[in-house]
Amino acid sequence: MPNVKLIPNNPLIGNFSASPDSFLGLETSCSDSDPYDNFTLTCTATKPTIVIPNLVIAWTHNGTIETGSVTTTGGNMTTTVTNILSFTTSTASDSGTYRCTASITIPNSPDITTSEESTVTIRPQTLPVTATNVTATPGTTSLNATTAAISFTIPNIAYTPENYSVKYTGAILQTTEQTSIIKMSSDNITATNQEFTIILTGLEEDTNYTYIIDSTNCLGTTSTAEMSFRTIPTLPVGDPMNCANITFLPRDVTLTWTAPALINQNGAAVGYNLVCMNANGVSINGFKTRSTTRTSFTITNVTPFTSYTCELSFINIVGVGPPTQCTFETAQDRPDDGPQNFTSTPTMTTVTFRWSRPSIPNGIITGYQLRVTNLETNAFHIMNISSDQLMYTLNEEGFLSAYNNYTATVTASTVIGFGPISTTAGRTLPDMSSPPLLVTRDITISGTIFTTLPSVDNHTINVTWSPPTTPNGRIMNYTIDVDGYTNGNNLIRRTITDVNKNSFMELITNTTILTPGVPYNVTLAAYNEFGRGMPVEVTVFTRVLTPSVSPSGIRGIRSADGTNMTITWNAVSLEQARGFFEYTIRLTRSSRKRQTTGDLVYRIPYRDTSFIATNLDGQATYGVSMGLSVDDGSGQGPIAGPTSEPIEVVSPDPNTCIMDTTVSADRGTFEWPVTISGSTVNVSCPNGPTGAVATRRCVTNSRWESPNVTSCATTEVSREFRNISKINITIDNVVTVSENLTDLVGSTTDTADQNTDNIQVVSTILNQTATLLSNPMVIMSLSSSELSMTTENTVQILDSIEEWSPNVLETESNNIINSFEKIVDALINQDNFTNITIVEDDIALKGERFQQSEFSGIVFTAASFDNRLIVDTQVEDDDANEMNLNRIASIGLPQSIRNIVQSDSIDLSFTLYNQSVLFPVRDPPPNTIVGSSVIGARIGGVADGTKLPDPVVITLSLNRVANISNPRCVYWNFTTAGGRGNWSTDGCNTTFNTTDDDLSFIACHCDHLTNFACLVDVSARVNEPTQPPQYVTVTLEVVSIVGVCLSIGGLVLTIITLAIFKKLRTREASKFHIQLCLSLIFMLAVFVSGIDRVSVRAGCITVGALIHYFALVAWMWMGAEALLMFQKLVIVFTDITWKYLVGISLICWTLPLLPVIITLAVDVDFYIYLYEPENQSGFCFISDMIPFLAAFLLPVFIILIFNVIIYIIIIRVLILHTIRKNKRMSKSSLKTSDAIKMILSYSGILMLFGLTWVSAVFTFISEPNTSFIVQFFFAFFNAFQGFFIFFFFIILSSDSRDAWKSLLCPGAFGDGMKPQTSTTLKSKTLNSKTMSLQKKNVPRNAILSFGGKNMPNEKQTDFTDNIILENEANFEDEVFSIDDEFMMSEFNNIRFDRQLSARRKHLVEKIEIDFFDVAKDD
């Protein structure tokens, strides 16, 4: 409002103002009405300070003065007066005109006055005015589709403050009323027709909303009528939910889902969009837009057993919303197609079918069903085949024969069933045709049927036939051959090419060649694609003539009793007989008076050359004559020829074995001729091999021994090798032939079948295979799997023949290895070659391809683990050690070989032969062998012998053969030794990885590639003696085996005897004997069970260590036995306590562990000794000289020296004792019985101490015969040591015998042997206790002497009443064993010899008392 201005003509009143000019207020009691329910009027003026009168300001209301608040402020120049009029809680009465007057009253002057008015209007309280001009404007884009602008006009403000709100409700989701409010500002109280807009947010798309506008003040609310608006739709923001397949069918799928949440649909539903595809990205039938809102859909024509991914989207009237992804998998069904690439590879009688999986399997293939039909016979076979097998060879005997047409179907199945079939057809390979059906006639003579052709005339042969019943192929032609009967020369040949007939007849006429009385062989054969078929052969005479000869060489042999006669003669040929004939034998019997008493006539078939006439007169003499009879079959009867001069055969002849025939079930039939007694006859083996014979001996009494046919090959295997050798190897059958040969060689286990004939067949087939695969076109035609299979079969063949004899392999080994390497070359040179590893028992092959740019060198390593070969190109030496692998060999190829390879790839093959039998050392120096495995490498496209830029490095592990020397690296040269191949050192250098004394590995550096090995010299010792003859080796083996068996039995009986009888068990010696026997038993048991088990490395090491340990334990106890006997016989008074026994036992059983543990810690392989590595022959004991000497021989030698010394001392004591005793008893000489007993005692101690080992020193004698004898004695005494202990200490011990007798036969003792009560004598002087057995018939005057004089009878009686002494003869009958305890002592002129022994149930103390003169007996 404008301020009141001071009128200029009133200069005394200045700055006059009143405010406001006007005020619109509201009458209300609402507290929220401020500031509209109160007002303030202010009036202000100034005057100069110098003016003395006061300035007065006053307010009037409608002429009535209103009292206000007046304030005066002064300054130097002016004074200001303010009058403020304030109203609160105004009412309508406060309305009106307010006048402000400013005046100064100056005396005697007119007043100075000025004034200003203000208008105040107070409205009464009313409800708000209803909004007008209401409009709703929803959002128009997707960005503001959830908003709406509500616009309206307020005519005037009825009251303040006023709020304006929109109350709206959605038709679908937002059904709860919501409010949006605007509060009116206080500045707008005077406004009229004010426009307001309220923005509604958070609305739902495509939804009808109803709304009203409320105007509200403290008095109440006025509302508009209900109105409505609709939001626009937008793209859905939600995807369908819970998409799932509710069926599990193979070809139809029903998907169900839940619609998106309504809040996310953003518009009216139109339908759904569904797009599905499989894992390969192939779409299936779905729908793009559907006008229905149904939440399920069935998809047809889906592929069974397939995973699908679908994208499902909701569609509203605007468009498609976001997709949801759902996956499902259809069920399995039958395959839609049959197995692929169904082919067949036939042989003559078998067919190999191959196929691959169906392209649309519709599930997991559970198997295949193969049906093969023979179109010739309409027979069929059905085979169910597992799913992992994609090949099957039909080899049903009799089902297919050669040149049979066949059809085959194969179908694959899932769990649902079988699918469509795949079909193939073919024909088996042609085979030899069966013989043509020749028209013949039979002539029967003496039971022999001669088959010939019908006669025509003297110069014509009639050949009539019909086709073969089994042609095994298409008949191409027939041939008729007329050959000489004996020499086989072809005389006439006729070929018939017009073969399309059912019968044939050829008249062969030749007046020059065909003559009467001459036999001809007529051979008719059919030819098919295979070749010549089985011929039919007959012998033909154009006309028979009367024989002109008789048999010669007639011999008659009578049986032992003369009743049988074996007649033999030289065969007569058909040419000699001039017709089909029989023999006639005439026996003319002559009596003792040389009178003929009648003839016996026999007709014999023409093929026989012997005949046995039976039921003869054993005492008569017979004249034997023979003739021939021919027959032409005309019915006129035989025509006889001349008869031979008779020979006289007397009876009997016991010096021959008659002709015999034996049949072996697997090796054929053998004809044994008449043979003189005492001689051996050889006959050729019917099945070979070449040069092999069967033998049979005719022994005394004209009796045959059983034949020896072990050198003859078996019939079945020989036939298989002959059949396979006839096959011509082609691209179509190379795999099948290699498989068949693999099976055949693998089944050839009989030594006689492993012969040179069969190894030549193997070599020939491998050579043909290698030649075929050397053709690049053939390699391109064969698949990678076929080449791999052929190579694998070849490796298996080589692995099998390594078990054959080296002598058999030697002739063909070079060709076999050469062929094998050509086959490997074909494998690695093919374009699609992939890496391959083939490992058999003793042969391994590894082939790898590298890109030349990436090749940086390679090392091929071969090792073994648990007797299995392991080969790799990644294993380093450290890795091999960590994995406990036994390294065999390795070969490293340098990176520089890239310089000699022309192609982009480098193809490598590596081979390992764990045995060297295929690589013999030809013409070697003496004692030279292959001392390692054979390892080889080849580079595809690089010829053998090509010099390399850098040498290859070969590391070879030497076989554990004792005493090897001069190792040298060699390679196999295929061209030396006359093309047989041999080892050569050219281009190879040898370096050693260890010292010469402990060779284990050597390294070779060679400048070319082939097969490498190491040759070594083997020498058991300097000046190696001649190897023992076979009989010596056999004798030593027999002695060792028998001795060990008897020793184990004797030791067991010794332990039983000493353990079960208390009187024997309580002796100290028995305790030592038992432990010695136990150690020997353990050693011998381990020795027998495992000394030669070198094939199992861990087991062999265990056996060797146990033998080592128990042998040392046994020697310790032998030393303990010697020590004990020394204490008993020499020291005599020794106290053997139980602590002493325990200490000795601990030492003997634990001390030998020390050398065994040290040996194992140094090298466990010391316990393996191979003297024939190729055959895994050897034994399990310490082989190297140094550990043998240090760990075994040294402790044994120390104990042996100790025992020898003790033995000498003991023998000396016993001999001196015997001499003194004999001298005391006036014996001039030693009795034979005494000498024998002494020898037995000394021998027993010798065996107990193990002193027979001294003979081992003499086994090194170089003279052969002496060495063999010493070896025999060494083996005999040491193998029988346990038996000798049993013999000397049990059998010869009377205590042991008596103990067994009392146990087994308790009533066997008679009165004379019954133990009696012992008497006891106590001498005051000697204080000794004497016990003796009393026997009957013992003379009282026993041999007691005193200074050479007899003791007085009364003294003898007194003495013998207390001590009964046995006379010399009786004493010697009671043989005291060496286990008895001896004590010798002297007191003054009396010598006491005490001997303690267990006698039956008593402990006997035997005392010999000798009174002697010191001067005469010292």
Side-chain angles (χ1 to χ4, degrees), residues 443 445-448 450 485-486 516-519 539 541 543-632 636-660 671-677 679 681 698 702:
I443 302 174
I445 306 176
S446 296
T448 300
F450 294 91
Y485 180 78
T486 302
V518 177
T539 302
F541 287 90
R543 181 183 174 189
V544 299
L545 300 178
T546 302
S548 59
V549 297
S550 60
S552 61
I554 302 171
R555 183 183 179 190
I557 301 174
R558 303 287 289 273
S559 62
D561 59 0
T563 58
N564 298 327
M565 180 191 300
T566 300
I567 304 168
T568 61
W569 60 91
N570 296 332
V572 177
S573 65
L574 290 177
E575 291 158 312
Q576 294 171 321
R578 307 202 294 182
F580 300 114
F581 70 96
E582 64 183 358
Y583 296 104
T584 56
I585 300 176
R586 183 177 299 275
L587 299 184
T588 302
R589 180 174 178 274
S590 299
S591 67
R592 296 174 183 263
K593 298 180 180 180
R594 297 189 179 276
Q595 294 179 349
T596 301
T597 58
D599 293 344
L600 298 174
V601 179
Y602 305 95
R603 297 186 178 277
I604 310 301
Y606 84 106
R607 292 189 181 279
D608 294 348
T609 55
S610 66
F611 175 73
I612 299 176
T614 60
N615 299 320
L616 302 181
D617 185 346
Q619 304 298 319
T621 297
Y622 287 88
V624 181
S625 59
M626 295 185 65
L628 306 177
S629 297
V630 300
D631 195 336
D632 60 0
Q636 298 179 0
I639 305 172
T643 303
S644 66
E645 290 295 325
I647 62 169
E648 188 175 77
V649 181
V650 298
S651 178
D653 185 358
N655 299 319
T656 61
C657 292
I658 63 172
M659 181 186 298
D660 191 20
E671 299 284 347
W672 307 100
V674 176
T675 304
I676 298 174
S677 298
S679 61
V681 63
C698 177
S702 302

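Sequential numbering from 1 along the given sequence is applied to the chain's residues. This is a predicted model, so every value here is computed, not measured.
The side chain to side chain contact (heavy atoms under 4.5 Å, CB included) check on Ile612 picks up Asn564, Thr566, Thr614, Ile658, with sequence neighbours excluded. Listed by chain and residue number, Ser629 satisfy the side chain to side chain contact (heavy atoms under 4.5 Å, CB included) test with Ala640 (two or more places apart in sequence, or in another chain). Listed by chain and number, the residues in a salt bridge (charged side-chain N to carboxylate O under 4.0 Å, His left out) with Arg586 are Asp599 (sequence neighbours excluded). For the side-chain hydrogen bond (donor to acceptor under 3.5 Å, both in side chains) test, residues two or more places apart in sequence or in another chain that qualify with Asp632 are Ser634. With sequence neighbours excluded, no residue forms a side-chain hydrogen bond (donor to acceptor under 3.5 Å, both in side chains) with Thr448. Residues satisfying the side-chain hydrogen bond (donor to acceptor under 3.5 Å, both in side chains) test with Trp672, not counting sequence neighbours, are Thr662. Among residues two or more places apart in sequence or in another chain, the side chain to side chain contact (heavy atoms under 4.5 Å, CB included) test is passed with Ser573 by Glu575, Gln576. With sequence neighbours left out, Tyr602 forms a ring pair (Phe, Tyr, Trp, His ring centres under 6.0 Å) with Phe611. The side chain to side chain contact (heavy atoms under 4.5 Å, CB included) test applied to Pro547 returns Leu628, Val630, not counting sequence neighbours. Judged as a side-chain hydrogen bond (donor to acceptor under 3.5 Å, both in side chains), and not counting sequence neighbours, the contacts of Glu671 are Thr661.
Panel note: side chain Ser644, backbone Met626; a donor-acceptor pair is recorded below 3.5 Å.
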>> Could you go through Tyr485 and Val518, starting from their C-alpha distance and side-chain angles, then the distance that decides it, and tell me whether this counts as side chain to side chain contact (heavy atoms under 4.5 Å, CB included)?
In response: CA-CA 8 Å; Tyr485 180 78; Val518 177; over 6 Å; no
> Would Thr643 and Ser550 satisfy side chain to side chain contact (heavy atoms under 4.5 Å, CB included), going step by step from the backbone distance to the final call?
Replying inline: CA-CA 6 Å; Thr643 303; Ser550 60; 5.8 Å; no
> Step by step, would you call Ile567 with Leu587 a side chain to side chain contact (heavy atoms under 4.5 Å, CB included)?
Replying inline: CA-CA 10 Å; Ile567 304 168; Leu587 299 184; 3.8 Å; yes
>> side chain to side chain contact (heavy atoms under 4.5 Å, CB included) for Val544 and Phe581? Distances and angles first, verdict last.
In response: CA-CA 10 Å; Val544 299; Phe581 70 96; over 6 Å; no
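In terms of heavy-atom proximity, Val572 sits nearest to Ala577 at CG1-N, 4.2 Å. Closest of all the heavy-atom pairs between Ala571 and Thr609 is CB-CG2, 3.6 Å.
To the nearest 0.5 angstrom, Arg555 atom CZ is 11.5 Å from Asn570 atom CG. The distance from the CD1 atom of Ile445 to the CG atom of Asp631 is 4.5 Å, given to the nearest 0.5 Å. For the atom pair Arg543 CZ and Arg578 CZ, the distance stands at 10.5 Å (nearest 0.5 Å).
For CD1 of Ile676, the number of neighbouring non-hydrogen atoms (other residues, nucleotides, ligands) closer than 6.0 Å is 12 at most.
Looking at Tyr583, Phe580, Trp569, Phe450 one by one, the single match for ring-ring contact (aromatic ring centres under 6.0 Å, His included) with Tyr606 turns out to be Phe450.
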